[in-house]
Amino acid sequence: MGRTEAAAMIPGLALLWVAVLGSAVPNTPRLRLSFQELQAQHGLRTFRLERTCCYEALLLDEERGRLFVGAENHVASLSLDNISKRAKKLAWPAPVEWREECNWAGKDIGTECMNFVKLLHAYNRTHLLACGTGAFHPTCAFVEVGHRLEEPMLRLDLRRLEDGKGRSPYDPRHRAASVLVGEELYSGVAADLMGRDFTIFRSLGQRPSLRTEPHDSRWLNEPKFVKVFWIPESENPDDDKIYFFFRESAVEATPALGRLSVSRVGQICRNDVGGQRSLVNKWTTFLKARLVCSVPGTEGDTNFDQLQDVFLLSSRDRWTPLLYAVFSTSSSIFQGSAVCVYSMNDVRRAFLGPFAHKEGPMHQWVPYQGRVPYPRPGMCPSKTFGTFISTKDFPDDVIQFARNHPLMYNSVLPMGGRPLFLQVGAGYTFTQIAADRVAAADGYYDVLFIGTDAGTVLKVISVPKGGRPNAEGLLLEELHVFQHQLYVASRSGVSQIPLHRCAAHGRACAECCLARDPYCAWDGAACTRFQPSAKRRFRRQDIRNGDPSTLCSGDSSHPALQERKVFGVEGGSAFLECEPRSLQARVEWTFQRTGEVASIQVPAEERAERTTRGLLLRGLRREDSGVYICAAVEQGFSQALRRLALHVLGAAQAERLARTEEAAPVAPPGPKLWYRDFLQLVEPGGGGKNSLRMCRPQPAPRPLPPESRRKGRKRRTHALEPRAERGPRSAVHW
Ligand SMILES: *[C@@H]1O[C@H](CO)[C@@H](O)[C@H](O)[C@H]1NC(C)=O
Ligand SMILES: *[C@@H]1O[C@H](CO)[C@@H](O)[C@H](O)[C@H]1NC(C)=O
């Protein structure tokens with residue numbers, strides 16, 4: 001609402017981005033694990049149904065040990081231990097009549113006129129509530145899943161369906177955000193076929209349905225609902241509020257700026273029953289405030305304006321959870337994503353601040369200075385704060401004020417005043433977030449799992465910087481939980497991956513320490529799962545600094561480096577392979593010439609080219625023979641990775657070697673002196689005398705262009721079920 005905030009949105013000024021955010025180089029994860037690697041070594045499990053897309057509804061049920069999944073025409077029940085095992089599924093297609101109607105209305109029979117299951121909630125001890133688009137005919141059903149201790153079941157009575165209007169969207173492209181509180185469903189959804197009548201709606205249960213004022217852009221202006229949470233405010237349930245997170249077109253934008261996207265948090269009271277004479281069956285306690293995630297700059301702020309997802313991380317008491325939110329940008333010039341963290345107290349403070357009010361000849365938005373009626377709009381009728389028992393008792397001036405002033409003047413700012421973590425120009429956008437609080441040796445750390453539209457998951461930890469609430473995000477891992485061809489074919493599924501892969505960090509104390517993964521610690525012999533209860537003496541972990549020099553000094557368990565022989569031919573090339581596990585490490589090569597004592601750094605010159613996979617030496621000379629040591633340097637800590645003894649042979653000598661029986665079968669065809677080009681004869685460490693093996697350096701894998709990564713983005717819905725061995729579980733879906 002401030003002038004500077006709005007100014008940063010003008011495309012010309014968006015060039016500030018680079019200045020404000022520093023370099024536009026994306027953060028590099030320390031580890032990058034491919035789909036194949038995860039599947040083969042790190043327990044990635046997947047589930048998918050044939051010819052079914054859009055796994056959009058996820059419900060984690062720890063009591064039953066099941067993960068319920070809603071997809072196109074299906075509901076499935078998976079085992080939390082292993083989602084590939086003993087899955088149950090039921091078909092829930094839309095009836096033929098509805099599909100035909102949908103088709104007559106001009107929708108595509110094959111991609112739109114299906115029942116896309118959009119929401120799943122635990123309804124009572126035996127049933128789930130499930131709602132789907134029903135071929136543009138929203139519909140809900142109660143799915144029987146049995147009691148907790150019974151054998152898993154999944155049953156749906158197709159004769160007993162409920163109207164799903166105001167609960168599930170009509171359009172499969174729209175998202176449904178909802179929460180079930182008791183028997184009542186609070187949803188943010190478009191409640192009409194055209195997708196224009198957006199509403200925050202309460203339905204089911206005993207009380208009459210309640211909604212927002214229809215077609216009033218001050219209340220909702222083409223919103224996209226993201227998440228809904230029920231957050232108590234005190235021990236008294238009358239103070240309970242429901243918070244809606246969404247983005248919308250800003251009503252406060254001036255016409256000169258055009259459409260402006262803003263992110264919002266909205267509130268309503270759980271005990272709202274509407275007004276008596278006006279706002280009948282409408283919310284009387286609805287308020288909304290802007291949610292800001294921006295990088296402050298001297299010439300204006302850089303805004304991440306598009307809220308994508310919110311994760312509520314519980315704290316010690318139920319009323320002050322932390323809100324982790326991911327944002328992207330609507331700018332056509334810069335692509336960026338950010339994570340911002342909000343405290344519930346800051347959200348509440350914005351709702352207690354001034355109301356936004358349009359005033360003056362310029363119709364500017366200003367803080368409302370006049371008298372605010374009593375009880376203050378937005379307060380729930382409760383004994384805690386006042387004497388009103390029901391919203392129907394509210395005086396008329398309160399109702400009128402509430403109707404005309406749904407927007408707060410103050411925005412909600414992130415903790416620390418800026419994003420915790422951001423990526424610019426990464427070629428992908430953050431779309432989902434889940435957080436896990438992990439007990440480490442020196443306290444608690446929040447680990448964030450961020451889903452991207454490229455089908456990857458980033459694992460980031462929040463590390464305190466100075467005093468709390470200042471923190472910074474550290475990118476630990478990038479996990480490719482889906483295979484690329486799946487996106488291209490618009491097929492998706494559900495994936496399950498453990499929250500930690502401690503062994504993947506490496507086999508040395510320093511690697512484990514540099515990983516800064518709060519789930520892992522060095523136990524004296526390996527990098528393993530950290531259990532805070534276990535004896536501390538043997539556990540080494542330094543999340544805050546990741547400094548192995550103190551933590552791992554004198555650690556004798558460092559694997560001894562075996563010397564490996566490499567042969568090259570005079571005038572030819574040799575490839576000295578060395579690839580650190582960590583993508584954040586810098587590689588240093590030292591060289592000790594045969595017959596000499598001193599070691600020197602291998603200079604960066606034309607003959608010695610550094611590649612991501614090793615050192616390529618060209619135009620070999622006899623005096624290049626000697627020992628090459630490759631070390632990974634990270635955070636000032638150097639760790640030797642490879643020790644290679646290069647022997648440069650004369651041409652005649654090499655030809656004799658190449659003619660030996662062992663070498664012949666793998667000799668590539670080509671000109672006679674083929675071995676001059678990239679030839680490498682490697683003697684495996686400790687191998688037999690004659691076990692010569694030939695290999696060629698492999699080109700480093702090229703990252704895919706962003707266009708192909710984003711293919712099929714609309715249709716894609718992924719699910720991930722990260723799971724701690726003991727701690728909390730969380731579900732991400734996107
Ligand atoms: C999960 O279940 C599948 C199918 O039964 C099985 O092939 C796989 O080995 C299981 N994985 C684990 C880690 O238990
Ligand atoms: C749960 O709700 C369903 C649907 O209303 C109902 O049929 C069932 O009896 C309920 N179960 C229990 C244990 O209350």
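All values below were derived from every heavy atom in this structure, side-chain atoms included, with hydrogens, water molecules and symmetry-related copies excluded. Just follow the structure's listing: the first ligand is 1, and inside any ligand the first atom is 1.
- Here Asp163 does not pair with Lys165 in a salt bridge; the nearest charged N to carboxylate O distance is not below 4.0 Å.
- Closer than 4.0 angstrom to ligand 2 sit non-hydrogen atoms from Tyr123, Asn124, Thr126, His127, Phe142.
- With sequence neighbours left out, the side-chain hydrogen bond (donor to acceptor under 3.5 Å, both in side chains) criterion links Ser187 to no other residue.
- The only option from Arg211, Arg167, Glu184 that meets the side-chain hydrogen bond (donor to acceptor under 3.5 Å, both in side chains) definition with Ser203 turns out to be Arg167.
- Here ring-ring contact (aromatic ring centres under 6.0 Å, His included) pairs that include residues 202-237, with residues two or more places apart or in two chains, are Trp219-Phe286, Phe225-Phe246, Phe229-Phe245.
- Note on Lys282 versus Asp216: no salt bridge recorded, every NZ/NE/NH1/NH2 to OD/OE distance being 4.0 Å or above.
- Legend: disulfide (SG to SG under 2.5 Å) pairs involving residues 118-212, not counting sequence neighbours, sorted by first then second residue: Cys131-Cys140.
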